[in-house]
Structures are given as C-alpha cells and as structure tokens.
There are 2 protein chains.
Amino acid sequence: MTASKKEELIDKALEVFYREGFHATGMDRLVAVTGISKTSMYKHFKTKEDLILATLERRHKYLMSLIIDRTDERADTPAKRLIAAFDSLKDWIAGGRFQSCMFIKASSEFQDPAHPIHKISADHKRTLQDYLVAQARAANARNPEQLGHQLMLLQEGAIVTAHLQGGSEAADDAKAAAEVLVAAALA
Amino acid sequence: MTASKKEELIDKALEVFYREGFHATGMDRLVAVTGISKTSMYKHFKTKEDLILATLERRHKYLMSLIIDRTDERADTPAKRLIAAFDSLKDWIAGGRFQSCMFIKASSEFQDPAHPIHKISADHKRTLQDYLVAQARAANARNPEQLGHQLMLLQEGAIVTAHLQGGSEAADDAKAAAEVLVAAALA
DNA sequence: CTTAACCTGTACAGATCGGTACATATAACA
DNA sequence: TGTTATATGTACCGATCTGTACAGGTTAAG
C-alpha cells in the first residue's frame, strides 16, 4: 500500500515490458512476476494502459539521468557535451541490459499519434533533442537546431542498429560521425 | 488457389500488420479484411508466423526497389549515390503511407535474436547497409565501412524520428549530415 | 467484543487469441 | 450421371486476454 510498493510494481513491470513487449505481456504474467494479487494490481493501476504509462514515465526519468546527467558530468563545455553524449550512449548500449529504446518500441506498438503512449514517447524524444539543440546553441554552432537534430538522428540510429545487429560498434560509428558534424558546424 | 490469390493475401496482411502491429492483429481480423475463409488462410500459411514472414519477405523486396533501385536511377556515380539514397528515403517518408520501418517494428515485437522474424529483420538491414558500404568503397572513401555504417545510422534515425515526430524534416537533416560526412570522407 | 473499513485471493465473465474438425459445395474425370 | 478429390465456410477448441464480483481475512475505533 505504500508508495514504495507501487514503485516496485512499476519496476518489475518495466522490466518485463521492456524485454517482451507490451501487447505480448499479459496482466496475469505481471501478477505472477510481482507476486501481488490481481485485485491489488488493479487498485494501483486502473488499467493496463495506466501501468504502461507509469513504466514509461519512470523510464523517462531514468534515461534523463543516464544520458543527460552523465553527459553533463563528463564534459564541462557545450561543445564537448555534444560529443560526450555519445559516450553516455555507448555506456548504455554496451551496459548489458540494453534492449533498444523502450519509447521506440512503445511507439511501434501504439502507432496512433493521438494515443497517450505514443505521445509520451514523442515527448521523451523531444526532451533529448532539445538538450542537444541547447548544447549546440550554447556552443555557437552555425545552425544549432540542425546540428542538434542531426546528432539526435545518429543516436536513434545507433540505438536501432545496436538492437538489430548486436554489439556496440554502432555507438562508435555514431560518435565518429558526431565529431565530424560538430567540427564542421563550429568551424 | 492461384499464386496471385496468395500474393493478395500477403498484400492485405502486410498493410494491416504495418499499420497496427503484429501482436495486435489477430488472424480473425485478417480473415475478415481479406474476405477469405479461415481454413483457406491456414491452407496458404501454416501459422501466423509463416504469414508474418511472408509479409516481411515481400516488404524486403519492395524496399530494395524503393531505396536501392531508385537511388541507382537517380545518380550515376557511387559518390552521388551516397547522397541520392537520402532523396529516396525522403520520398518514402514523405510519401503518405509511411509508418516507420516494418522491420524495426518487427524486431521490437520479436526481440529474441534467434527468432526467425528478428533474423529476417536483421538481414534486411544488413542488405541496405552493404549497399551503402559498397557505394562508399566504389567512391574511394577513406574508410568505406565506417562511412557506409554512418550513413545507415542517419537513415535509421530519420525513419524513427519521422515516425515519432511526424513530418519529413528528419530526412532533410539526415541528407545534410550525409553531405558533410561524405565530403569529409572523400576529401 | 463488536462493528466497520479496508485489503487480499480466487474465481469467473465476456471477448479474443491461434488453430482445427467437419460438413458442405464445387470441380474433374469416368 | 456417379465418384472422387479438393476448396470452402462454420462452428468450435482450449488457452489467454483485460477487467471485476465477491467472499474471507485483517486492522482499528468504539
């Protein structure tokens, strides 16, 4: 009944959704995994969709920390951060628990742009993109919006490719490309 | 009973899978959409997975034509093709029927790398990537493998971003980035 | 101890899932 | 026309889906 109990449910559900997909994971499965009763589960989350949204909100916070906070720690100037973001990305991809991006997968399973799950996924991506654009602007890039968007494309591409091909070389290729783009935009 | 009847089933199934997802689409739905009986459907395709694989094979051929053949038509030198591939990409994205990449979505729903659906998706991506690497090599790029992979990242990123944000600006950003990368690799 | 508010587990509802049994219709050939 | 092979439609199977009704247990106030 405590908040931490609910947090625990979200954690476990996130793990299963992330690994096995949203439609493929039934509430019965989650009830079994968490050990809670179905009634209690539905007391915490009115519908399966509510539970999915809760996991996505948690994932959003987690990735903000994993990507943005780590990048800020790594580098102390905007220009360096544009590159350091790709080190954070590689840590994530090579970290062992990587299974592509939960929001890309969520938007694949809930494609209607008006669907809350699709919208929260778009919001997540926009936040990351805004961060890159802000760094590009602070670094006095020639076209900060374009540069930020392009770096975002590289990140997304690396995520998808790493998931499909395995390995973390995609992150290296992305970083090398980012260095070229950033150098060209700051020259 | 003819081959064309089966092709028609694949076409219709592809459309629904592409728009609504694989797990979210039941065989009953496909039977209703195609107007065929369930028995006949299962005579053509032994399982739902067989049907999915058939749609993916068809999609693979279609995209090969849409991306590679069109790019070859557009440009007559390897260096130009590396850029022209992004015009083909934009045509696809801006074409109105774009709903992200079916293989990215398939690999999201069937994540086990050993699963046939995941494998066919990886094969598809590898084919496109090999094409870009081959063009980069023919253009005497400094590091053709890396360049090809990087351009592939941009394409994947543009696909995912266009799906999440809507619009086709991602394709423009990707093309502009490709121009910078190609110029740097050929200089 | 009694009563009332809650929390939990189980069993189930109604719908849909992938897949099949079987009876009928249609066609090909004798 | 009679017979046989195949194609189709329907009705159904057991399992699973999301979500709920309800009975029994637990706790706290009076």
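Every value quoted in this text rests on a predicted model; they were computed, and no experiment measured them. Numbered from 1 within each chain, the chains take letters A, B, ... in sequence-line order.
A chain of hydrophobic side-chain contacts below 4.5 Å, direct or via other Ile, Leu, Val, Met, Phe, Trp or Tyr residues, connects A:Ile67 to A:Tyr131.
Using a 4.5 Å heavy-atom cutoff, the side chains of B:His44 and B:Leu51 are not in contact.
One can place NZ of B:Lys46 at 18 Å from P of C:dG18, the figure rounded to the nearest angstrom. Atoms CZ (A:Phe22) and C1' (D:dT16) sit 20 Å apart, rounded to a whole Å. Following rounding to the nearest Å, A:Lys43 (NZ) and C:dG9 (P) show an atom-to-atom distance of 12 Å. Rounded to whole Å, atom P of C:dT20 lies 15 Å from atom NZ of B:Lys48. Protein atom CZ of B:Arg29 is 10 Å distant from nucleotide atom P of C:dC17, rounded to whole Å. B:Met27 has its CE atom 19 Å from the P atom of D:dT16, to the nearest Å. Atom NE2 in B:His23 sits roughly 19 Å away from atom P in D:dA15 (whole-Å rounding). Going from atom OH of B:Tyr42 over to atom P of D:dT6 covers 23 Å, rounded to whole Å.
Comparing C:dG18, D:dT8, C:dG9 against the side chain of A:Thr39 picks out C:dG9 as the nearest. Here the nucleotide nearest the side chain of A:Asp28, chosen from C:dT8, D:dC17, C:dT20, is D:dC17.
A salt bridge links B:Lys12 to B:Glu8: one of the charged nitrogens lies within less than 4.0 Å of a carboxylate oxygen.
Note: A:His23 and A:Phe110 have parallel aromatic rings, judged against thresholds of 30 and 60 degrees for the angle between ring planes.
Using a 4.0 Å heavy-atom cutoff across all strands shown, A:Ser37 reaches at least one base atom of the nucleic acid.
Between the base of D:dG9 and the side chain of B:Lys38 there is no donor-acceptor pair shorter than 3.5 Å.
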